[in-house]
Amino acid sequence: MFLGLGASAMCFVTWNFAVKVLGAVKTSVYIYLVPVITVLCSVVVLHETISTRAALGILLTLVGLLLSEMNNRKKL
């Protein structure tokens with residue numbers, strides 16, 4: 001039930017809504033947040049600890065997204 005409704009149906013609905021609102025290019029940039037959200041959810045739900053590698057990966061991902069956003073704003 002969770003995989004059918006939560007992971008599949010709701011994800012496609014929210015993805016299509018984001019594409020409509022933000023556009024395809026900008027929405028596709030945010031797909032890189034999926035691993036960050038996964039790690040944060042594993043900390044909250046499974047009570048796991050964030051390893052040094054995971055923290056470094058989160059940091060690099062967020063820096064990359066920020067650089068992408070800054071570069072995009074300069075083009076406008």
Side-chain angles (χ1 to χ4, degrees):
M1 192 65 139
F2 169 75
L3 289 176
L5 293 177
S8 295
M10 289 300 294
C11 290
F12 283 118
V13 169
T14 55
W15 182 262
N16 287 330
F17 178 75
V19 169
K20 188 184 300 183
V21 171
L22 299 174
V25 174
K26 195 166 191 173
T27 303
S28 66
V29 170
Y30 288 103
I31 197 76
Y32 295 113
L33 283 178
V34 170
V36 174
I37 293 168
T38 302
V39 170
L40 296 178
C41 285
S42 72
V43 169
V44 172
V45 175
L46 301 175
H47 306 290
E48 292 186 2
T49 58
I50 298 178
S51 67
T52 306
R53 280 183 166 175
L56 182 61
I58 289 171
L59 179 67
L60 289 173
T61 301
L62 294 177
V63 167
L65 284 172
L66 287 174
L67 288 173
S68 173
E69 282 296 313
M70 289 173 40
N71 189 23
N72 190 23
R73 291 191 193 274
K74 286 181 183 178
K75 289 180 181 179
L76 296 176

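Fair warning: this is a prediction, and the values are worked out from it, not measured in the lab.
Here V13 is tied to no hydrophobic group at all, with no ILVMFWY side chain closer than 4.5 Å. Grouping Ile, Leu, Val, Met, Phe, Trp and Tyr residues whose side-chain heavy atoms lie under 4.5 Å apart, directly or via other members, leaves F12 alone, with no other cluster members.
Not a single side chain to side chain contact (heavy atoms under 4.5 Å, CB included) links L66 to another residue, sequence neighbours left out. Partners of V45 under the side chain to side chain contact (heavy atoms under 4.5 Å, CB included) rule, at least two apart in sequence or in another chain, do not exist in this structure. The side chain to side chain donor-acceptor pair (under 3.5 Å) check on Y32 picks up nothing, with sequence neighbours excluded. Residues passing the side chain to side chain contact (heavy atoms under 4.5 Å, CB included) test with Y30 are K26, L33, E69, sequence neighbours excluded.
The two residues A54 and V39 come nearest to each other via the heavy atoms CB-CG1, 4.4 Å. Smallest separation of non-hydrogen atoms from V29 and S68: CG1-OG, 3.9 Å.
Using modelled atom types, no side-chain atom of S42 and backbone atom of E48 make a donor-acceptor pair closer than 3.5 Å. Listed for the S28 side chain is a donor-acceptor partner under 3.5 Å among the backbone atoms of V25.
With rounding to the nearest 0.5 angstrom, the CG atom of L65 is 11.0 Å from the CG atom of L60.
Two different hydrophobic clusters hold W15 and M10 under the rule that ILVMFWY side chains link at heavy-atom gaps under 4.5 Å.
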